[in-house]
Amino acid sequence: MQILKPIRQRFRTVLEKLLDDPALVESSLERIVPSRDPSLADYQANIAMPLQKVLGKPPLEIAQSVVSGLDLSDICQSVSIAGAGYINLRLSPSWLAAQLEAAYRDEHLAVTKVDAPKTIVIDYSSPNVAKPMHVGHIRSTVIGAAIAHVLRFLGHKVITDNHLGDWGTQFGMIIYGYKNFCDQEAYKKHPVAELSRIYRKVQAISGYQESLAQTPKLEQAVEFARKRVEQVQTKLAAAPADKKIAKELATAERQVTTAIEELQSNHKKIEESQQDTLLMAESDTHPAIYEKVLAETAALHHGDIGNLKLWNEFLPNCRQEIDTIYRRLNVQFDHWYGESFYHEMLGAVVEDLFAKNLAVQSDGALCVFLDGFDSPMIVRKQDGAYLYATTDIATAMFREREFSPDISLYVVDHRQSDHFKKLFAVLEKIGLGHTDFRHISFGTVMGTDGKPFKTRSGSTVGLESMLDEAVARAMEVVCNPERLTGVGIQMEDQEKEQIAQVVGLGAIKYADLAHNRTSDYVFDMDKMVRLEGNTSAYIQYSYARIRSILRKAQEKGYDPSGWADSSLQLTEPSELALALHLVRFEEMLHQSMQEYTPNLITEYLYDLAKLFSSFYDQCSVLSASNANEVSSRLKLSSVVAKTLRVGLDLLGIGVVERM
RNA sequence: GGGCUCAUAGCUCAGUUGGAUAGAGCAACGGAUUUCUAAUCCGUAGGUCGUAGGUUCGAAUCCUACUGGGCCUGCCA
């Protein structure tokens with residue numbers, strides 16, 4: 001269902017006669033857009049005003065000459081000129097009805113496949129196995145999966161790859177922990193749980209020791225910041241009117257506060273750890289644990305047979321844990337090329353960079369220096385170990401060989417944007433510039449305290465329990481007996497459970513997708529699971545109501561094949577508003593993929609649900625004035641239901657037949 | 001020090017890439033219900049789009065400066 005394309009085509013023939021410059025024709029065509037104010041128009045062409053200088057005529061006159069040459073009679077019921085020279089288009093009901101007929105008959109809602117499909121690699125989710133997954137990972141997972149679905153739906157060749165962190169220091173932790181803290185009985189019984197316990201144990205000891213080591217540095221930082229304040233104060237005393245110095249003072253004072261806060265939270269962490277006598281004893285017997293962890297990691301990387309054997313043994317167990325999450329979230333990947341997959345290629349990659357003079361020795365490390373960046377991209381550390389930057393280069397090279405993508409998307413939070421800028425610059429230098437590499441960054445997941453969630457702080461919310469809670473809350477709200485009796489629905493526990501799953505998990509995904517991708521995202525369970533306003537539950541509820549009407553219609557003797565043959569009559573304002581919104585589905589999907597912003601999809605679906613509620617309130621379907629009208633409205637409702645279902649499905653959110 | 005990013009209604013957020021009178025939800029207030037499922041609908045109120053300039057037919061959107069947050073900034077990812 002394309003609206004703008006045929007309309008623009010008509011404008012093109014007129015504009016080409018009017019304008020000599022083809023570029024001007026194109027830019028004018030792009031000014032034909034959906035109207036912001038539905039009371040004025042459905043679509044508007046803002047082309048006359050910018051042309052007034054080019055053509056040397058008043059905009060109203062230009063608009064007039066465009067309109068007089070324009071034939072849109074089959075698509076629009078009116079074409080008018082208003083205001084400063086806006087050309088307002090109102091679509092005709094019969095044209096809308098014809099479009100909806102097509103959508104009604106097609107499982108893909110008559111969405112056309114793109115003319116030139118692109119090969120698109122999407123790297124998303126990419127958690128570190130062994131480290132417990134936390135709320136931060138869900139955003140990459142949910143956004144990435146949605147983008148992949150939509151691009152595929154539009155006809156692109158999409159390849160999804162979960163770039164698992166399966167080769168890093170966390171395995172050193174588990175290996176060290178396994179060798180020193182493992183309860184073999186527990187490990188045999190529940191390997192996943194025991195490995196997770198071991199990991200947390202080593203993490204705790206290492207964290208405590210690091211805090212201790214940090215203390216003098218933090219104290220120094222406070223001291224330093226205070227001295228700086230004094231310095232600036234004397235400077236300001238000498239020149240009290242200088243605004244720059246006053247600002248400098250404010251900055252310096254803030255730095256003191258931050259430094260003190262950091263020191264205090266460090267103290268707090270230490271004190272908390274010291275309450276744990278077992279932890280203290282273990283810390284004593286395992287001094288400098290982090291160095292030992294790094295040694296285990298290095299041994300693994302250098303092919304130590306024992307560690308490699310352990311790694312091979314642990315990995316499936318760690319995978320199992322995240323697989324459970326993916327199964328619950330219903331997220332799949334085409335490939336799971338984790339970091340370990342690239343391990344053997346790294347040496348060659350670095351040598352190649354060195355041979356091409358891109359990488360140079362600096363302070364014992366091998367670095368790629370880039371124009372416009374203060375700091376280089378380090379591809380090999382002093383100790384000879386490789387870094388994520390190295391792996392990322394190898395990964396891009398591998399993907400080029402394997403898939404030769406036109407577009408390569410990395411769905412990773414915005415804190416890594418510097419890293420990706422450098423990475424893309426390097427990739428360009430090594431000859432991958434033909435691929436459109438894009439960092440699909442998203443806002444940090446914040447706690448309710450307004451501070452970023454951090455894995456290292458320890459107190460992360462487990463993803464499993466978070467999902468469980470969402471489901472439980474959905475159960476309370478949707479399936480409470482009082483409500484179900486009120487709306488006259490009886491159901492078995494099994495159906496209730498299924499509804500709670502769909503609604504609860506949908507709520508979490510929807511909350512993640514509904515925010516502008518680039519904004520920071522405050523994780524607030526209360527808000528996520530609230531089932532009113534702009535939430536998935538409201539949309540799912542609209543769907544369930546439509547399904548209920550369709551069922552009732554059949555009980556009343558209206559057969560689906562009967563309303564399929566009937567013609568759509570769009571007369572009431574709420575019907576027309578609904579129809580207009582429905583035919584924009586394809587346009588909206590393209591819009592949302594232009595900058596990869598799924599929130600345009602949630603917004604569309606929410607608006608659609610609202611428009612349906614309004615229609616539902618104003619136009620009775622089953623009690624319409626005659627059988628034709630009933631059939632027409634059943635058909636319209638069917639298209640709404642299908643659009644809601646397909647739209648939610650693209651976001652990875654399900655629907656239920658009743659709720 | 002350098003760089004990136006954000007600031008919109010009391011709160012949470014949109015804002016179609018520069019278009020007409022800046023929009024939703026929540027909260028508040030008023031109305032609608034013998035319901036095709038009221039998790040609803042209709043209405044009222046709420047704004048110097050952080051501040052000051054600039055660019056032009058036209059700015060929340062673009063450029064500059066300023067204010068205030070967040071993030072990154074050579075061997076973690």
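Per chain, numbering begins at 1; letters A, B, ... match sequence-line order.
- Two residues are said to be in side-chain contact when any heavy atoms from C-beta on lie closer than 4.5 Å; A/V350 and A/I393 fail this criterion.
- Below the 3.5 angstrom threshold, one finds a donor paired with an acceptor across the side chain of A/Y388 and the base of B/A77.
- Nucleotide B/C6 holds its C1' atom 15 Å from the CZ atom of A/R517, rounded to whole Å.
- In this structure, A/F354 places its CZ atom where only 12 or fewer heavy-atom neighbours from other residues, nucleotides or ligands lie under 6.0 Å away.
- Interface remark: the A/T535 side chain does not form any donor-acceptor pair with the B/G25 base, using a distance-only criterion of under 3.5 Å.
- Aromatic stacking of A/Y86 on B/A20: satisfied, with centres closer than 5.5 Å and planes within an angle under 30 degrees.
- Aromatic rings from A/F612 and A/Y543 are positioned such that their centres are separated by 6.0 Å or more.
- Going from atom CD1 of A/I87 over to atom C1' of B/G19 covers 13 Å, rounded to whole Å.
- With its ring centre under 5.5 Å from that of the base six-membered ring and a plane angle below 30°, A/Y616 counts as stacked on B/C36.
- In the set B/U37, B/U17, B/G74, B/G74 carries the atom at the smallest distance from any side-chain atom of A/F369.
- When each of B/C36, B/G19, B/A14 is scored by its nearest atom to the side-chain atoms of A/R36, the top-ranked nucleotide is B/G19.
- The CZ atom of A/F171 sits 14 Å away from the P atom of B/A77 (whole-angstrom rounding).
- Rounding to whole angstrom units, CG of residue A/L484 and P of B/U37 are separated by 14 Å.
- Using modelled atom types, one finds a donor on one side chain and an acceptor on the other under 3.5 Å when comparing A/S613 with A/Y538.
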